[in-house]
Visitor: 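First, the structure itself, so that you have it in front of you.
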Amino acid sequence: MEVIDVIYKTLRGKGIKEGLSESRQNDLWNEYVPKHLLPRLHAYELMMAPYAIAHMKIGLKLAETGYRFGSDERARIYLTNALEPWVKQLQLIGFDALAHEAAAVNEIKRHKRFTVVIGNPPYSGISSNMTDYAQRIVDAYKIVDGGALKERKLWLQDDYVKFIRKAQTLIDSTKVGVFGYITNHGYLDNPTFRGMRQSLMGTFPRLCVLDLHGNSNKKEQSPDGSVDKPVFEIKQGVAICLATRGGANSRVAHAELWGSREVKYAYRDWE
C-alpha cells in the first residue's frame, strides 16, 4: 500500500508543479494506473485468505486515490510459493481459475525480471520449504573466503534466509536494483551466517541494516539496562535490511535501536 501512496503523491506533486487542474490530474492518474502501475507491481502469496485480502486492500487503496476501475487490468498478486521455480509442465488443476492463475505466475517466474523486492518473509528454523531447489538456493552461503563452512550444524535452511537469497538472485539477474526486508536478525552476528554476510556484501555495494533487537529468547536488554521490547508480537528479534546494487556510492552501514516498541515505531533518523 505504501508503494501506491508514494507513486500517487509523487505524480500529484509533479502535476501541481506543472499547474494541472484537479480534473486533469485525476484523468492522468486513471490512465497511468492500468498502463504503468499495475503491470509493474507483482506479489506472491502462499495462503488463500491473505491472497484475497491483499486484492481487496489494493482495490480500496486505489479507490482512495480516485481510480475509477475502468480497465480490466488486475492486481498482479499470485497464489504461489515464491520459493518454488517455474516448471516446464504444469500439473492439471480441476478449477479453471486456479489453472489460469498457475499458468500466469509460471510465466512471470520464467520471464519477468525485477529491480525492487520488498517483503516480510516467514522465519522458520524448521523449514517446510525443503524441496531440492529450496535447499540448494542457499548453497552460496555455505562458502566463506572460498572454502566451505566447518560448522557441524548450519541454520541456513531457515525460511527467511532462503527469501533473502531469492531476493539477492533476482537483483543479481538484473545487475541493478534494491531489496528491503524485515526479518529475523540472527544472520547479523551468528558465525554460521558469515558466508551469507560475505555473499551479500559481494552482491550489494550499498548495504544498510537497522537491528531492532527485541529478542526475548536471549532476554535482550537496552544498554542502559532497561527492558528491550520487540516490534512484533513474537519472541524473535528482527532487523531491517536495505540492499542496493547499482549507482556510484558504496557503503556498508549498521545501526541498532533499543527500548520500547513505541520508541522503535517513532524512530525516523536512520538513513
Side-chain angles (χ1 to χ4, degrees), residues 1-9 41 43-47 49-58 60-61 64-65 77 82-83 116-129 155-168 178-193 196-197 200 204 206-244 251-271:
M1 304 310 110
E2 289 78 7
V3 172
I4 295 175
D5 267 336
V6 169
I7 295 173
Y8 174 70
K9 290 176 181 178
L41 296 179
Y44 299 153
E45 174 53 54
L46 181 61
M47 301 177 67
Y51 165 82
I53 292 171
H55 278 279
M56 180 185 69
K57 286 191 172 183
I58 287 180
L60 291 173
K61 175 55 68 175
E64 289 177 7
T65 66
I77 304 167
L83 293 179
V116 178
V117 183
I118 58 177
N120 175 21
Y123 327 149
S124 177
I126 303 176
S127 173
S128 59
N129 292 291
W155 292 101
L156 296 174
Q157 291 299 328
D158 196 306
D159 280 339
Y160 85 92
V161 179
K162 295 173 182 175
F163 273 91
I164 289 178
R165 177 60 182 162
K166 183 67 176 180
Q168 182 183 3
V178 59
F179 89 82
Y181 277 177
I182 181 166
T183 69
N184 184 325
H185 69 168
Y187 72 100
L188 298 181
D189 58 6
N190 190 315
T192 297
F193 297 99
M196 177 181 177
R197 294 191 290 268
L200 288 172
F204 299 101
R206 189 174 181 89
L207 191 62
C208 300
V209 178
L210 177 61
D211 191 344
L212 296 170
H213 291 287
N215 194 329
S216 60
N217 290 323
K218 293 182 177 180
K219 296 182 173 59
E220 285 192 314
Q221 289 188 324
S222 301
D224 63 4
S226 61
V227 177
D228 182 52
K229 294 293 185 180
V231 295
F232 300 135
E233 293 294 340
I234 59 176
K235 293 183 177 181
Q236 180 59 53
V238 301
I240 298 171
C241 178
L242 296 176
T244 304
R251 181 189 183 198
V252 176
H254 172 260
E256 298 177 286
L257 191 58
W258 306 83
S260 69
R261 184 174 299 175
E262 291 72 23
V263 167
K264 294 176 182 180
Y265 284 170
Y267 188 70
R268 294 292 183 273
D269 295 334
W270 183 57
E271 295 183 4

Visitor: Would you say the side-chain atoms of Lys162 pair up with the backbone N or O of Asn129, donor to acceptor, closer than 3.5 Å?
Guide: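 Indeed, once roles are kept as given, a pair shorter than 3.5 Å links the two residues.
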
Visitor: Can you name the closest pair of heavy atoms from Pro50 and Glu45 and give their distance?
Guide: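 Looking at all heavy atoms of both residues, the shortest contact is CB-CD, 3.6 Å.
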
Visitor: Using the side chain to side chain contact (heavy atoms under 4.5 Å, CB included) rule, take Asp5 and Lys61 through it: C-alpha gap first, then chi angles, then the decisive distance, then the call.
Guide: CA-CA 8 Å; Asp5 267 336; Lys61 175 55 68 175; 3.3 Å; yes

Visitor: Would you compute the distance between atom CZ of Phe179 and atom NZ of Lys166 and round it to the nearest 0.5 angstrom?
Guide: 14.0 Å

Visitor: Taking atom types as modelled, is there a side-chain donor on Asn120 or Tyr123 under 3.5 Å from an acceptor on the other?
Guide: yes

Visitor: Take atom CE of Met47 as the centre, draw a 6.0 Å sphere, and report whether it contains more than 12 heavy atoms from other residues, nucleotides or ligands.
Guide: no

Visitor: Specify the closest pair of heavy atoms between Val209 and Ala239, including all atoms of both residues, with the distance to one decimal.
Guide: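 Answer, listing the atom of Val209 first, then Ala239: CG1-CB, 4.3 Å.
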
Visitor: Enter the distance from Gln236:CD to Asn217:CG here, rounded to the nearest 0.5 Å.
Guide: 6.0 Å

Visitor: As a quick check of understanding, evaluate salt bridge (charged side-chain N to carboxylate O under 4.0 Å, His left out) for Lys264 and Asp228, giving each step before the final call.
Guide: CA-CA 10 Å; Lys264 294 176 182 180; Asp228 182 52; 2.9 Å; yes

Visitor: Should the heavy atoms of other residues, nucleotides or ligands under 6.0 Å from CD1 of Ile118 be counted, would the total exceed 12?
Guide: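 Atom CD1 in Ile118 is not packed in, count stays at 12 or less.
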
Visitor: Would a distance-only check, ignoring hydrogens and angles, find a side-chain to backbone donor-acceptor pair under 3.5 Å from Tyr265 to Val231?
Guide: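 Pair found, side chain donor or acceptor close to backbone of Val231.
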
Visitor: Please report the shortest heavy-atom distance between Thr183 and Pro121, naming the atom on each side.
Guide: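 Scanning both residues completely, I find the closest heavy atoms to be CG2-CG, 3.7 Å.
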
Visitor: Of all heavy-atom pairs between His213 and Trp258, which one has the smallest distance, and what is that distance?
Guide: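 Nearest pair, atom of His213 first, then Trp258: NE2-CZ2, 3.1 Å.
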
Visitor: To the nearest 0.5 Å, what is the distance between CG (Asn190) and NE2 (His185)?
Guide: 10.0 Å

Visitor: Distance-only, no hydrogens or angles: does the Arg251 side chain make a donor-acceptor pair with backbone N or O of Cys208 under 3.5 Å?
Guide: no

Visitor: Is it true that Lys9 and Glu2 make a salt bridge, defined as a side-chain N closer than 4.0 Å to a carboxylate O?
Guide: no

Visitor: Could you measure the distance from the OG1 atom of Thr192 to the CG atom of Asp158? Nearest 0.5 Å is fine.
Guide: 12.0 Å

Visitor: Using side-chain heavy atoms (C-beta onward) and a distance below 4.5 Å, is Leu207 in contact with Cys241?
Guide: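 Touching, per the 4.5 Å side-chain cut-off.
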
Visitor: Side-chain contact test, heavy atoms from C-beta onward, threshold under 4.5 Å: evaluate it for Tyr187 versus Val161 and give yes or no.
Guide: no

Visitor: How many angstroms lie between atom NZ of Lys229 and atom CG of Leu212, to the nearest 0.5 angstrom?
Guide: 15.5 Å

Visitor: Mind telling me whether Phe193 and Tyr160 have parallel, tilted or perpendicular rings, with 30° and 60° as the class edges?
Guide: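 Tilted: the ring planes of Tyr160 and Phe193 meet at 30° to 60°.
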
Visitor: Can you tell me how far CD1 of Ile77 sits from CD1 of Ile58, rounded to the nearest 0.5 angstrom?
Guide: 3.5 Å

Visitor: Which atom names give the shortest non-hydrogen contact between Val117 and Ala167, and what distance separates them?
Guide: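 Between these two residues, the closest heavy atoms are CG1-CB, 3.9 Å.
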
Visitor: Does CG belonging to Leu60 count more than 12 external heavy atoms closer than 6.0 Å?
Guide: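 More than 12 heavy atoms, drawn from other residues, nucleotides or ligands, come within 6.0 Å of this atom.
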
Visitor: Which pair of heavy atoms, one from Gly259 and one from Ser222, lies closest together, and at what distance?
Guide: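 Minimum heavy-atom contact is N-OG, 3.3 Å.
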
Visitor: Taking atom types as modelled, is there a side-chain donor on Glu220 or Asn215 under 3.5 Å from an acceptor on the other?
Guide: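 Side chains of Glu220 and Asn215: no pair found under 3.5 Å.
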
